[in-house]
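Supplied in structure tokens, the structure appears directly below.
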Amino acid sequence: MVTTVSKTSNDRKTKFTPNMDNFKVSLSYEGLSLKKSSEGKSISELKRKYAR
């Protein structure tokens with residue numbers, strides 16, 4: 001008899017979050033920049049602020 005092992009759905013994969021310096025460089029390549037009011041904030045804070 002073959003036994004099967006099912007994976008639990010409780011295993012969460014970690015989401016990729018870029019380094020803030022790398023994110024700024026990426027924006028500059030696209031001709032974009034962060035506002036002065038957003039300078040000290042993390043990427044997760046910016047996502048919450050601009051979520052639609």
Side-chain angles (χ1 to χ4, degrees):
M1 182 181 278
V2 177
T3 59
T4 59
V5 177
S6 64
K7 293 183 179 180
T8 60
S9 62
N10 294 338
D11 295 336
R12 289 188 171 191
K13 293 182 180 180
T14 58
K15 292 185 179 181
F16 173 74
T17 54
N19 185 356
M20 191 55 135
D21 293 332
N22 294 345
F23 184 66
K24 288 178 185 177
V25 170
S26 175
L27 286 177
S28 69
Y29 285 145
E30 296 177 17
L32 303 172
S33 63
L34 289 176
K35 295 180 181 178
K36 294 295 180 186
S37 62
S38 300
E39 277 296 316
K41 297 184 179 179
S42 68
I43 293 177
S44 61
E45 290 173 333
L46 292 173
K47 283 182 180 180
R48 280 194 300 265
K49 181 179 177 183
Y50 295 108
R52 295 181 183 210

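Quick caveat: nothing in here was measured; it's all calculated off a predicted structure.
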Nearest heavy-atom pair of Met20 and Lys41: which atoms, and what distance?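 Nearest pair, atom of Met20 first, then Lys41: CE-O, 2.8 Å.
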Which residues pass the salt bridge (Lys or Arg N to Asp or Glu O under 4.0 Å) test with Lys24, sequence neighbours left out?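 If we apply the salt bridge (Lys or Arg N to Asp or Glu O under 4.0 Å) test to Lys24, skipping adjacent residues, the hits are Glu39.
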List for me each residue that meets side-chain contact (heavy atoms from CB on, under 4.5 Å) alongside Leu27, sequence neighbours excluded, and say none if there are none.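 Once residues adjacent in sequence are excluded, the partners of Leu27 under the side-chain contact (heavy atoms from CB on, under 4.5 Å) criterion are Phe23, Leu32, Leu34.
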Holding to side chain to side chain donor-acceptor pair (under 3.5 Å), I want the full list of residues that pass it with Ser44, two or more places apart in sequence or in another chain.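 Counting only residues at least two positions away or on another chain, Ser44 forms a side chain to side chain donor-acceptor pair (under 3.5 Å) with Ser42.
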